[in-house]
Structure formats: C-alpha cells, structure tokens
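Some notes on the structure that comes next.
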Amino acid sequence: MPSTPLHILPSSTVYLLAYRYLHGIAFYLATLLIDIEPALHAIFDIPPLKIPMLLGGHTMMGAHTITHNPLGIIILIAPAMTVLAKLLERGKPFWLKIFKGADWTDYPWKRTYLSALIGGFLHLGWDVTMHEGINLGFPFIYTPNPLRSEAAFYFLGIFSLLLILPSYIIGKKINKGSPFRKLP
Ligand SMILES: [Zn+2]
C-alpha cells in the first residue's frame with residue numbers, strides 16, 4: 001500500500017506517450033484505486049484466511065488476493081473504474097470551469113474500459129515484483145508469485161523515472177495538444 005503513489009511513475013510514462021488515446025481519469029483511477037484492497041486490509045487489520053480455489057487447492061486470502069490478478073482487473077477493477085470515470089464525466093461543466101481552457105475529448109465506453117484495463121495491468125505488472133501474496137491464478141488455482149524480485153522492482157522504478165521526459169517529448173509529437181490541458 002505505501003507504494004501506491006509510486007505507481008504514478010510507470011503509468012505516466014505510458015500516459016504521456018499515448019494520452020490522446022487514453023481516458024486519463026479511468027486510466028489513473030485504475031492505477032491507484034486498485035490498492036483499495038490492501039488499504040482495507042491495513043485499516044481493518046484483517047487476518048489472512050485460507051480459501052478453496054475453484055479447480056482445487058487453497059490460497060491464503062491476503063491483502064492482494066481479490067484485485068491483484070488478471071481476472072480481478074478484467075471483471076472487477078476495470079469495470080468499476082469505467083463506471084466511476086463515466087460518472088465523473090457528468091461533471092464536465094464543473095471540470096471545465098476549474099480547468100479553464102482544457103480540451104475535452106469524448107471517449108466511448110469501450111475505450112474508457114480499455115484505458116482502465118491498461119492502468120490496472122500496469123499496476124499489477126510492477127506489484128508482482130513486490131508482493132509475495134499475489135496469486136495470478138485466482139480464483140481458479142494457487143500459483144505462488146514467481147516474479148517477486150527486488151532487483152526488478154528497482155529496475156522498473158528507475159527505468160520509468162528516466163523515461164518520463166523522453167515519453168513527454170515523443171508523446172507531444174504523436175498526440176495532439178498537451179497532456180496537461182487534456183480532459184478527461
Ligand atoms: Zn497494488
């Protein structure tokens with residue numbers, strides 16, 4: 001959970017490169033709010049729970065069990081963030097008043113969902129290097145997380161940080177307008 005704000009780094013390298021094609025709110029909401037599960041675990045101090053898997057075996061239900069796996073992102077995080085982003089879009093006049101001169105793009109639902117999906121998978125892609133409790137086979141089978149690696153964690157973090165500026169420069173050529181003046 002303390003690593004949540006750091007996820008801005010890898011996400012922003014992708015966003016700055018392709019901001020015209022991504023629903024920014026859905027993308028960043030998925031990147032950050034996927035950590036609601038570990039946050040709830042920390043707040044309520046929930047003890048790990050042994051639960052059966054659909055195809056046999058058990059998994060320990062911990063802070064990352066439900067949301068931090070491909071199926072959790074596809075059927076839970078991305079749809080929820082798509083709906084939340086679409087609800088926030090309803091405040092368009094309000095947002096345009098706060099962010100004066102912003103250029104507004106209307107994204108269809110499919111593109112909004114795809115943006116949330118990419119945000120969620122970017123988060124998972126870095127989190128698998130950090131947390132032992134991630135079960136990529138949830139809820140079907142238990143697979144111990146094989147990708148945990150401190151070296152990979154630091155590599156991805158530093159690599160993302162170094163890529164921010166090149167992404168911005170290349171992204172400005174690929175996309176129209178500015179990533180900082182674009183909504184949503
Ligand atoms: Zn996470």
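Note that the coordinates shown come from a computational prediction; the quantities given were computed from them, not determined experimentally. Count residues from 1 along the sequence. Indexing begins at 1, ligand by ligand and atom by atom, following the structure's order.
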* To do: Classify the angle between the aromatic ring planes of His123 and His68 as parallel (below 30°), tilted (30 to 60°) or perpendicular (above 60°).
  => perpendicular
* Asked: Between Tyr19 (side chain) and Gly24 (backbone), is there a donor-acceptor pair under 3.5 Å?
  -> no
* Centroid-centroid under 6.0 Å between His64 and His41 rings -> no
* **Around the Zn ion (ligand 1), number of protein N/O/S atoms which are nearer than 2.8 Å** => 4
* Arg20 atom CZ, over 12 foreign heavy atoms within 6.0 Å -> yes
* Qualifying residues under side chain to side chain donor-acceptor pair (under 3.5 Å), relative to Thr143, sequence neighbours excluded -> Asn135
* To do: Take Leu32 and Ser11, measure what side-chain contact (heavy atoms from CB on, under 4.5 Å) needs, and give me the verdict at the end.
  => CA-CA 10 Å; Leu32 300 173; Ser11 305; over 6 Å; no
